[in-house]
Protein chains: 2
Amino acid sequence: MSLRYAMLGLLADEPASGYDLLRRFNDSLANVWPATQSQVYGELAKLADSGLTTVGEEGPRGRKEYAITDEGRAELRRWLLEVPVQRSRRNDILLRVFFLGTVSPDEARGFFERAVRNVTAYEDELRAVEKETEWGDGPLAVYGRIALEWGLRFTAMHREWAEWARTIVPEE
Amino acid sequence: MSLRYAMLGLLADEPASGYDLLRRFNDSLANVWPATQSQVYGELAKLADSGLTTVGEEGPRGRKEYAITDEGRAELRRWLLEVPVQRSRRNDILLRVFFLGTVSPDEARGFFERAVRNVTAYEDELRAVEKETEWGDGPLAVYGRIALEWGLRFTAMHREWAEWARTIVPEE
DNA sequence: CGCAACATGTAAACGGTTACATGATTCA
DNA sequence: TGAATCATGTAACCGTTTACATGTTGCG
């Protein structure tokens, strides 16, 4: 259900085509809300149906430009400020940790070592995003930075946890 | 796809019926991999079909007890040690942060204040789990503790981040 | 000319949620 | 006897992924 709000959020900045939105999902939003081509075009049609966006005339190559309506802005605002945030409930790595008792202590330590390597790689990716992003000075500069900071704090926490966990795996 | 492994993991400890498993999903696994009744019974049938479990004779009230097979244990082990862990990609709160530029600074600060309250409530829940759990001394005591520790570190990190973010929201 | 990029759409499959439906057993 | 618990199953729907399918425009 958040996909539609992600799209409204992008359209709140400026009108765009499905193709434009798709690029933004792959660039800026890839780490917080990925979306496929199939999804974007589908939701775009529904959004226009429900009056939250309007479709402009067809441009070259059948390009359709969508713009957010006042109703769409109101709906985006309602989602941001009133709809409860839902925390993601499923956690693949913790599920596996629960069953680590079925493998040997050495293998369990290997599991946590791999976790450290994986999260370190992700940390590097985020540092690269930090460096390569043109931060400008609009609101997105501030809020994009806040989101990135979450990622950096998360990866640090996760790495430290895995390092600690490795040390407390019982010897047989 | 992880549901089947969660079920194999539970069955690796001891044989159980769908009803038994359901209770364990609601108790111990609720915070890492929730599952519905509908899902459990469906997957149980598939698991038996593919030879990863066996069905015992029907007990009272049509109860069917499932046991993991050697093939099932091998598959569980393969998943634990060889299948790459996938990090969850979607993050509701960060998606919203991206669009906070569309509301006023006061409202943005309110957003982070609510985030602090929500995460504090979750932190309290985890502390309650910590207190109320009978930790015993099997492997689940160790690995359950490690998983819980992740939750405590996560909530602490998230709370500190939201507190910090609140202070750096620009004044208009 | 040919290729990359632009541009849109549909269908099948999958995992998960919600709701419906039914019946047996235990115990107060 | 009536309520709570035990116990299983199915159907409809929703959001997401993967794959298929097609056509246009700009540029070297």
Under the criterion salt bridge (charged side-chain N to carboxylate O under 4.0 Å, His left out), I'd like the reasoning laid out for A:Arg166 against A:Glu163: C-alpha separation, chi angles, the key distance, then a yes or no.
CA-CA 5 Å; A:Arg166 194 207 152 275; A:Glu163 282 163 353; over 6 Å; no
Trace of the salt bridge (charged side-chain N to carboxylate O under 4.0 Å, His left out) decision for B:Asp124 with B:Arg127
CA-CA 5 Å; B:Asp124 291 346; B:Arg127 297 260 176 232; over 6 Å; no
What do the steps show when you test B:Arg114 against A:Glu82 for salt bridge (charged side-chain N to carboxylate O under 4.0 Å, His left out), and what is the final call?
CA-CA 10 Å; B:Arg114 243 173 301 127; A:Glu82 287 163 42; over 6 Å; no
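Close approach of DNA chain D to chain B, defined as any atom under 4.0 Å from a non-hydrogen atom of the protein, starts and stops at D:dT5 to D:dT17.
Cluster membership check: A:Phe99 shares its hydrophobic cluster with B:Leu140, using side-chain heavy-atom separations under 4.5 Å among Ile, Leu, Val, Met, Phe, Trp and Tyr.
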What does the B/S/- profile of nucleotides 12-19 of chain C look like, 5' to 3', with a 4.0 Å heavy-atom cutoff to protein?
---SSBBB
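Geometric assessment of B:Arg153 against the ring of A:Trp164 yields a positive cation-pi assignment under the 6.0 Å and 45° thresholds. Geometrically, A:Arg96 does not engage A:Phe111 in a cation-pi contact defined by less than 6.0 Å to the ring centre and at most 45° from the axis.
With rounding to whole Å, A:Glu58 atom CD is found 12 Å from C:dA7 atom P. Atoms CG (A:Leu21) and P (C:dC6) sit 14 Å apart, rounded to a whole Å.
Expressed to the nearest 0.5 Å, how far CG of B:Leu21 lies from CG of B:Asn26 amounts to 11.0 Å.
Distances shown here put a side-chain N or O of A:Arg63 below 4.0 Å from the OP1 or OP2 atom of C:dA7.
The shortest distance between side-chain heavy atoms of B:Trp150 and B:Val32 does not fall below 4.5 Å.
In terms of position on DNA chain D, the residue among B:Tyr66 and B:Arg61 whose nearest nucleotide sits closer to the 5' end is B:Arg61.
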